[in-house]
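Encoded as structure tokens, the structure appears first; notes follow it.
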Amino acid sequence: MLAENAARHDAASGSSRSAARVTNSPQGKVQEFETRILDALHHRVGKNERAAKPHDWYNAAVLALRDDIIDKWFASTARTHEAAGKRVYYLSLEFLIGRLLRDALSNLGCNRVMEQALERHGLDLARLEELEPDAALGNGGLGRLAACFMESLASLDIPAFGYGIRYINGMFRQRIDEGWQVELPETWLAHGNPWEFERRESAYLIGFGGEVTSDQGAIRWAPAEQIEATAVDTPVVGWQGKRVNTLRLWTANALDPIQLAAFNAGDHAGALAGQVRADTLVRVLYPADSTAAGQELRLRQEFFFSSASIQDIVRRHVQYHGDIRTLPDKAAIQLNDTHPSVAVAELMRLLMDEHHLTFAESWDITRATIGYTNHTLLPEALESWPLPLFERMLPRHMQIIYAINANVLREARRAGLDDAAIAAISLIDEHGERRVRMANLAFVGAHSVNGVAALHTGLMKETVFADLHKLYPTRINNKTNGVTPRRWLHQSNPRLTGLVREAIGDGFIADAERLSDLAAMAGDAALGERVDEVKRANKVDLSNHLRELTGLRLDPDALFDVQIKRIHEYKRQLLNLIETVALYDQIRSHPERDWVPRVKIFGGKAAPTYHNAKLIIKLANDIARRINSDPSVGEVLKVVFVPNYNVSLAEKIIPAADLSEQISTAGMEASGTGNMKFAFNGALTIGTLDGANIEIMDRVGRDNIVIFGLTAEEVAATRAKGYNPREVIESSHELAQAVKCIADGVFSPDEPDRYRGLMDALMQSDWFMVAADFDAYAAAQRDVDARWQNRAGWRKSAIMNIANVGWFSSDRTISEYAREIWGVK
Ligand SMILES: *Cc1c(COP(=O)(O)O)cnc(C)c1O
């Protein structure tokens, strides 16, 4: 089937190398791949079969496949030029793309062919795939969303560029030492990267600091420092190779990599300082910004990639379309959160200072071109920069921001808004130290401002952007997030994909909403049993993998209960852990009961400077050590903390999950996308009415999801009327006991007070409402147990989840952006 597909696509591709093809038959295809792999191994990797290490074979396999991709890449670009259509530009400080080989093979339909070609040399494709480093150029959901969007844009045949930074190290690698998180540099480029192409010809100068002068009305910015941004391109292959788009990541070079005079005078470090400064810019994702130097670096990164991207977009437009004033017809720029907000000021600067348009013309063009996506309502995550820092680093942009601000505030005044509203709308925060508000800049500089789930969009209008919403009442809109079903179902769960394909055909891979054909069969006992067999097989695979990683043996017949995501107090891993402790108590007190065997799986990274999050990781590990070694619970309860959670691990864990933990404090998780991936793979959600959980419930049905806890409104009301967590804890016997155990050091006998502070904070303030939701959560977990014991009922619910979450495909999300924000077909 797949081989046939591959042959069909190749026939349609019009490849320039088609002369080299022996035949389009599956066997001919295998032969041709083998020839290409050997050719790459010999002539590009420089090894023969005898000397080649597995990594050399991996490289050869990628290079062989890459030739096909490049042909399709050229064809896609040529088609876009001919059509002279609009392009989408997605600016994001993060792209959590993960591994690319399986993605590309699968989307090109070459999996079987590659597998067989490698088998002829005794090689296992799955093993080679494991050699690819996981490109972790992002933190979590926001970065993974950008990666899913890139795949969907290509699959929907929309011409698009992703723009970001080519971090040398990216996100840190997490090691767990004695239960503590240790951060290590991720050296994903150590063996080179066969997917990328450096484009020396696409380089731009990025200025910092200096002075602005005016000469007879002409403004001139003379930066004190300039760094060169160079493009590094990675092809993004859409489903069935329909289109190949470009992920363009910027790397930094000094204009003077070495100052020879200084070097020869013996000042070696000084002579190389320029290049070190450039490298520092692209070294890591999110340098700690607790220091002034850290803050400055972060702002430099944001301007560096925004400026390079905007210069590239403007250059391309002028080259192909001539008149800069038609930019909004040919380019849609989407800002993924506020990290690229400075692009608003940079586009204004290019239009006014280099293309000599008036402020008014430039402002119209800028707003017609840019859209902004908000991802969080947390006040501490809304970026703002100290005004003196901003002004020193970007003096011309500061002037432009003042001019924009004057314009917007005049409009607000005319609209009759009061002083308080005007202070809230201002791009400058005047409370205490003056700061530049990046979210307000993005809001006013965009024609569209979207939230990422219905609840979140509603709250945006009521909270952070309430006054801006009054001034621009049609600007805020909702685009509920999605995930690509290719990576998160088709590639990561081949067993389930095979089963679904047998049941309803394979149209669901390109059009996930076709999964709804399964709904009519949800009660079919035979199908239910086969879904169960698939899940069990995935759990066996995961158990084997976790045994290698952690040494722990897991029972694949237990309920696999999974919470994998960034560690953050609002995501409430602590609620899950305290409930685990309470359950442990219950199992020991009532050993005679018929407990459902559970494996609690945790994974996630904590920000290096986030003290409580790191302590929560240690607590998970302390609880795991204690419970896993207690013979009185035996196989009934196991706890695992999986180190170094990333995309590749998610791909292994999610297909094996029975229960998906989505338990954030209501109103705090903008959308979540992990919740969607689990549901696609037939896990039931236990969750609060937060983010996209609400929309998942609406689609899978109230009977097929386990909802508990306070609503967003109730959380706000509880806080407003004065919440006393101590009272709540003291009135709940199970909760009080669990908190006391943790506080008294039952899980940390080596340091009895380790969790005293964490538990005291829970008693005193509990901002995240762990105590308020505890009893409801514990009851919901017992409801999960009861559902699990009704096997037929559980299987039916699992199928209803798979059948009804097709809407959460990022294809649907991207279609909405295309139609309602970007104005592309
Ligand atoms: C999907 C995904 C996330 C986002 O998970 P949430 O549960 O929505 O926070 C984070 N990290 C990785 C590696 C992912 O694949």
Side-chain angles (χ1 to χ4, degrees), residues 92 94-100 102-103 133-152 170-174 186 188 285-286 336-337 375-376 378 381 452-453 455-456 480-489 491-493 561-573 575-576 601-607 613 616 642-657 659-665 668-681 683 685-688 690-696 805 808-810 813:
S92 179
E94 303 185 26
F95 285 93
L96 197 53
I97 51 181
R99 291 177 175 146
L100 297 180
R102 190 169 55 179
D103 194 48
D134 186 298
L137 310 182
N139 254 303
L142 175 149
R144 185 52 232 175
L145 183 76
C148 283
F149 277 10
M150 289 305 298
E151 200 271 355
S152 278
M171 183 67 181
F172 66 84
R173 185 159 57 85
Q174 179 192 58
E186 181 68 88
W188 71 294
L285 170 73
Y286 297 145
N336 193 25
D337 215 336
H375 285 273
T376 179
L378 302 184
V452 290
L455 173 71
H456 166 238
T480 299
N481 283 166
V483 299
T484 166
R486 267 78 61 188
R487 184 175 287 258
W488 295 108
L489 177 56
Q491 294 159 34
S492 62
N493 199 343
D561 169 348
V562 182
Q563 188 171 20
I564 45 174
K565 48 183 75 239
R566 289 304 300 258
I567 310 292
H568 200 293
E569 286 164 286
Y570 86 79
K571 291 179 181 279
R572 298 202 296 193
Q573 282 89 358
L575 175 60
N576 191 348
I601 298 173
F602 293 87
K605 295 174 182 174
I616 288 168
V642 190
N644 200 36
Y645 176 55
N646 59 16
V647 172
S648 302
L649 260 177
E651 287 167 352
K652 294 187 173 74
I653 295 173
I654 292 170
L659 187 66
S660 155
E661 297 268 356
Q662 308 299 339
I663 60 176
S664 50
T665 315
M668 301 193 86
E669 183 76 89
S671 163
T673 49
N675 46 6
M676 302 166 188
K677 300 170 197 165
F678 281 99
F680 264 110
N681 285 275
T685 301
I686 181 168
T688 47
D690 199 15
N693 294 353
I694 298 172
E695 289 155 84
I696 292 176
V805 293
F808 296 96
S809 162
S810 44
T813 314

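When a ligand or atom number is given, it counts from 1 through the structure's own listing order.
Under the side-chain contact (heavy atoms from CB on, under 4.5 Å) criterion, Y645 pairs with I564, L649, A650, sequence neighbours left out.
Of all protein heavy atoms, the one lying nearest to atom 7 (O) of ligand 1 is K565 NZ, 2.7 Å. Looking only at heavy atoms of the protein, atom 11 (N) of ligand 1 is closest to Y645 CE2, 3.5 Å. Closest to atom 9 (O) of ligand 1 among all protein heavy atoms lies K571 NZ, 2.8 Å. Considering only non-hydrogen protein atoms, atom 5 (O) of ligand 1 sits nearest to G674 N, 3.8 Å. K677 NZ, 2.9 Å is the protein heavy atom nearest to atom 14 (C) of ligand 1.
Using modelled atom types, one finds no donor on one side chain facing an acceptor on the other under 3.5 Å when comparing K571 with Q563. Looking only at atom types and distance, the side chain of Q662 has no donor-acceptor partner in the side chain of D690 under 3.5 Å away.
With a 4.0 Å cut-off on non-hydrogen atoms, F678 does not touch ligand 1 at all. The residue N675 has no part lying near ligand 1, judged by heavy-atom distances below 4.0 Å.
With a 4.5 Å cut-off on side-chain heavy atoms, N644 and F172 do not count as touching.
Between the side chain of T813 and the backbone N or O of T480 there is at least one donor-acceptor pair closer than 3.5 Å.
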